[in-house]
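Here's the structure, in structure tokens; my notes come after.
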There are 2 protein chains.
Amino acid sequence: MSDETAPPRAEPTLAAWELPLVLLGALRAHLDESHRRLAERGHPDTRPVHGFTLQAVGAGATATEVAGRLGVSKQAAAKTLGLLEQQGYVERAVDATDARRKVVRPTERGRDFLRQSVAVFEEIRAEWADRVGAERLEALHRDLWVLGADSARRLDLQSWLG
Amino acid sequence: MSDETAPPRAEPTLAAWELPLVLLGALRAHLDESHRRLAERGHPDTRPVHGFTLQAVGAGATATEVAGRLGVSKQAAAKTLGLLEQQGYVERAVDATDARRKVVRPTERGRDFLRQSVAVFEEIRAEWADRVGAERLEALHRDLWVLGADSARRLDLQSWLG
DNA sequence: TCCCTATAGTCAATGTGGTTGACGAAAACA
DNA sequence: TGTTTTCGTCAACCACATTGACTATAGGGA
């Protein structure tokens with residue numbers, strides 16, 4: 001996709017120290033664009049962590065389960081879930097068969113957020129396919145999957161970086 | 001996740017919603033492995049944010065310049081730089097030509113950290129090339145560069161995700 | 001020269017999100 | 001039944017970011 005007569009910075013430098021930066025750059029581009037579009041579709045004020053958490057809730061889960069999936073303490077998960085509840089994305093109900101459990105379920109608004117997320121992700125994927133080629137994007141996806149397969153599936157991003 | 005006779009998790013699913021996750025997974029794998037090796041080479045207790053900050057310092061910069069490069073407030077940058085100074089990675093000196101400016105420079109230890117980082121990054125890149133193929137890795141690097149070219153070069157990861 | 005403005009760095013207060021520890025209520029098990 | 005485990009929550013604390021206010025220095029005109 002890089003023609004010779006292109007504007008400056010048309011060619012990446014391919015130094016080894018750039019790898020994490022281009023990974024971060026692409027991730028950031030994806031998430032920033034995702035949330036820009038989600039904001040346009042009725043979900044402003046949501047951040048990546050909300051999407052991850054809602055994804056962890058799935059069709060319904062307890063705070064402790066969500067905590068396990070996110071790799072954070074149950075207190076931290078409960079806090080985030082409380083915020084999502086306050087914003088109308090999830091609702092809590094006491095489990096009928098176990099009075100200790102409080103099952104968190106996405107509301108209609110929460111399900112809409114997840115549907116919109118899928119749609120937006122598909123849009124972005126299609127646009128990325130246009131930019132680098134469908135085959136290249138598929139190879140990229142597959143290779144990244146392989147390279148990151150070992151890494152923990154945790155989403156405790158903030159504490160991880162600090 | 002239902003592949004036929006294949007070993008578990010042999011084939012990525014290639015769903016659009018997985019793209020950010022595989023990006024994150026690869027980034028995480030890279031940074032975790034980097035810091036694991038840096039710890040072995042005399043730099044334990046360093047985190048990605050330290051490497052980014054040290055990189056932002058370069059040969060020498062003021063706290064405000066570092067803040068600009070990292071995309072954070074000057075107070076936040078000053079705090080991180082204070083920590084790096086305390087750990088012996090940078091030192092501060094008042095600018096001879098401008099008594100307001102305090103120039104931050106990497107110490108020998110700081111320069112060693114950067115050298116070791118480069119070495120480790122090259123090792124990891126070589127290993128990744130083994131795993132997916134040198135050509136594929138080069139294509140991946142190039143494509144990621146293209147896809148992330150628009151995104152802000154900021155490194156304010158923590159606040160960005162939250 | 002003197003003032004006015006802009007810049008560099010720091011201090012203080014605040015917000016957010018994470019942690020650990022402790023606890024009561026409910027379930028599961030011996 | 002009594003003991004142990006699990007779920008959710010409260011409280012205290014910590015790490016890291018923010019904004020606003022402040023001092024000190026530099027620089028550019030009247």
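The structure presented is a predicted model; accordingly, all values stated were derived computationally and were not measured.
Listed by first and then second residue, the side chain to side chain donor-acceptor pair (under 3.5 Å) pairs involving residues 76-92 of chain B are B/H43-B/Y89, B/E85-B/R92, B/Y89-B/R109 (not counting sequence neighbours).
Taking 4.0 Å as the cut-off between side-chain N and carboxylate O, A/R125 and B/E18 do not count as a salt-bridged pair. Between A/R37 and A/E33 a salt bridge is recorded (basic side-chain N to carboxylate O distance below 4.0 Å).
A/L70 has its CG atom 13 Å from the P atom of C/dG17, to the nearest Å. Remark: P of D/dA15 and CD of B/Q86 are 11 Å apart, rounded to the nearest angstrom. Here D/dA15 presents its P atom at 15 Å from CZ of B/R47, a figure rounded to the nearest Å. If you measure from atom CG of B/L81 to atom P of C/dA8, you get 14 Å, rounded to the nearest angstrom. Atom CG of B/D95 and atom P of D/dG27 are 10 Å apart (whole Å).
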Output, in order, the C-alpha distance, side-chain angles, deciding distance and verdict of side chain to side chain contact (heavy atoms under 4.5 Å, CB included) for B/L114 and B/R111. CA-CA 5 Å; B/L114 289 174; B/R111 285 190 294 274; 5.5 Å; no
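B/E65 places a side-chain heavy atom less than 4.5 Å from the side chain of B/R101. The closest side-chain heavy-atom distance from A/R142 to B/V22 is not below 4.5 Å. With a 4.5 Å cut-off on side-chain heavy atoms, B/V90 and B/R105 do not count as touching. Counting only heavy atoms from C-beta outward, the side chains of A/V104 and A/V66 never approach each other to under 4.5 Å.
For A/L83, the side-chain atoms get nearest to C/dG17 when compared with the rest of C/dG17, C/dG18, D/dT18. Checked against C/dA22, D/dT18, C/dA27, the side chain of B/Q75 finds its nearest nucleotide in D/dT18.
Bending across the helix from C/dT1-D/dA30 to C/dA30-D/dT1, expressed as the angle between its end axes from five pairs apiece, amounts to 10° (10° rounding).
In terms of position on DNA chain C, the residue among A/A96 and A/A76 whose nearest nucleotide sits closer to the 5' end is A/A76.
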Set out, line by line, the N/O atom pairs under 3.5 Å between protein and nucleotides 3-7 of chain D.
residue : atom : partner : partner atom : Å
D/dT6   : O2   : A/R100  : NH1          : 2.7

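Closest approach of B/K74 to B/A67, counting heavy atoms only: CA-CB, 3.6 Å.
Distances shown here put a side-chain N or O of B/T80 below 4.0 Å from the OP1 or OP2 atom of D/dA17.
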